[in-house]
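What follows is one structure encoded as structure tokens, with my remarks underneath.
Every chain is numbered from 1, with letters handed out A, B, ... down the list of sequences.
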Number of protein chains: 2
Amino acid sequence: MDHQECHQHLNAIEDAVYVIGGKWKLRIILSLQQQALRFNEIQREVGGISAKVLSNELKDLEENGFVKRREYPGFPMKVVYELTDYSNSLKSVMIELSQWGRSHKEFIKRNHQA
Amino acid sequence: MDHQECHQHLNAIEDAVYVIGGKWKLRIILSLQQQALRFNEIQREVGGISAKVLSNELKDLEENGFVKRREYPGFPMKVVYELTDYSNSLKSVMIELSQWGRSHKEFIKRNHQA
DNA sequence: CCGCATCCACCAGGATACTG
DNA sequence: CAGTATCCTGGTGGATGCGG
């Protein structure tokens with residue numbers, strides 16, 4: 001792997017980490033796993049997130065194609081957010097990360113005891 | 001996958017992202033791929049990182065078992081950092097992330113054109 | 001050379017209050 | 001209900017200077 005190639009590789013990884021990183025993105029996605037939810041429902045489900053931040057996060061997730069915002073007219077306004085099919089493309093990455101994270105925790109624990 | 005299980009899963013993922021996330025960790029690891037380097041060499045190689053931050057990052061990487069700090073006495077002091085064997089355990093995660101990141105970039109590009 | 005201590009600027013994100 | 005506006009705080013990270 002030469003320098004150029006390595007740099008591309010790095011960029012792609014950093015993109016990926018950026019997209020799913022941060023404190024909230026994954027939690028929001030998880031909260032929508034079972035069913036579509038409304039803004040306040042997500043806020044309650046995730047817990048501890050302010051409206052401003054949730055609003056921004058949802059915009060990001062929508063831009064990245066993970067979430068679909070669906071607006072129903074009327075008063076009061078009703079809006080639901082649901083996961084897109086594309087959000088499933090995250091599955092293999094998440095499994096890989098989860099496995100590594102779990103085994104890493106074991107590794108650290110062993111090392112700290114030793 | 002019930003709630004409990006899901007929560008464990010989430011934690012493991014967040015641990016993993018935390019460990020390799022941030023602006024510098026991966027770049028530092030990459031810089032040590034070919035050979036062990038001294039503090040200032042890493043700083044130059046990575047580019048744009050301050051001594052304080054590099055110092056902290058190296059401590060994190062050492063605690064997580066990715067990097068080994070090797071100190072040679074004398075004056076001036078000589079210190080080199082090298083990757084551990086354990087750092088290879090990141091490989092499959094990084095490949096997965098890189099592939100997903102690359103394909104996601106394509107996905108976004110197509111969607112923006114459309 | 002290595003790397004910590006100090007000081008400082010910036011900004012992500014929380015709390016609250018408010019509008020459509 | 002869905003979000004925005006405003007204000008404010010804490011923490012991250014840059015710059016510089018010093019000590020081992």
Against the side chain of A:Phe39, the closest entry in D:dG3, C:dG14, D:dG14 is D:dG3
Q. Phosphate oxygens OP1/OP2 of D:dT4: is one of them under 4.0 Å from a side-chain N or O of A:Ser55?
A. yes
Per side-chain hydrogen bond (donor to acceptor under 3.5 Å, both in side chains), B:Glu82 is matched among B:Arg70, B:Gln35, B:Arg69 by B:Arg70
- Task: Kindly say if A:Arg70 contacts the phosphate of D:dA2, meaning a side-chain N or O under 4.0 Å from OP1 or OP2.
- Result: no
Checking A:Leu58, A:Asn88, A:Val19 against A:Phe66 for side chain to side chain contact (heavy atoms under 4.5 Å, CB included), the one that qualifies is A:Val19
Between CD1 of B:Ile42 and P of C:dC1 the distance, given in whole Å, is 14 Å
Of the listed D:dG14, C:dG13, C:dG3, the closest approach to the A:Lys52 side chain comes from C:dG13
Quick note, B:Val79 side chain, CB onward, closest among C:dC4, C:dG3, D:dG3 is C:dG3
Counting only side-chain N and O atoms of A:Asn56, is one of them less than 4.0 Å from OP1 or OP2 of C:dG13?
no
Practice task
Taking only Lys NZ, Arg NE, NH1 and NH2, and the carboxylate oxygens of Asp or Glu, determine whether B:Glu62 and B:Lys59 approach each other closer than 4.0 Å.
Solution key: no
| query | Looking only at side-chain N and O atoms, does B:Arg38 come under 4.0 Å of OP1 or OP2 in C:dC2? | reply | yes
In whole angstroms, the gap separating P of C:dC2 from OH of B:Tyr81 amounts to 8 Å
Between CG of A:Leu58 and P of C:dG13 the distance, given in whole Å, is 14 Å
Rounded to whole Å, CD of A:Gln43 lies from P of D:dA2 at a distance of 10 Å
Here the distance between atom C1' of C:dC2 and atom CZ of B:Phe75, to the nearest Å, is 10 Å
From NZ of B:Lys78 across to P of C:dG3 the rounded distance in Å is 13 Å
Of C:dC4, C:dG13, D:dG3, the nucleotide closest to the side chain of A:Val53 is C:dG13
B:Ile49 CD1 to D:dG14 C1', in whole Å, measures 11 Å
- Query: Less than 6.0 Å separating the ring centroids of A:His104 and B:Tyr18?
  - Reply: no
Closest to the 5' end of DNA chain C, once A:Met77 and B:Arg44 are matched to their nearest nucleotides, is B:Arg44
Any base atoms under 4.0 Å from A:Tyr72, or only sugar-phosphate, or nothing? Heavy atoms, all strands. nothing
**Asked** For A:Arg102 and A:Lys105, what are the C-alpha separation, side-chain angles and deciding distance, and is it a side chain to side chain contact (heavy atoms under 4.5 Å, CB included)?
**Response** CA-CA 5 Å; A:Arg102 186 185 299 267; A:Lys105 194 173 222 164; 5.8 Å; no
Rounded to whole Å, NZ of A:Lys25 lies from P of C:dA12 at a distance of 12 Å
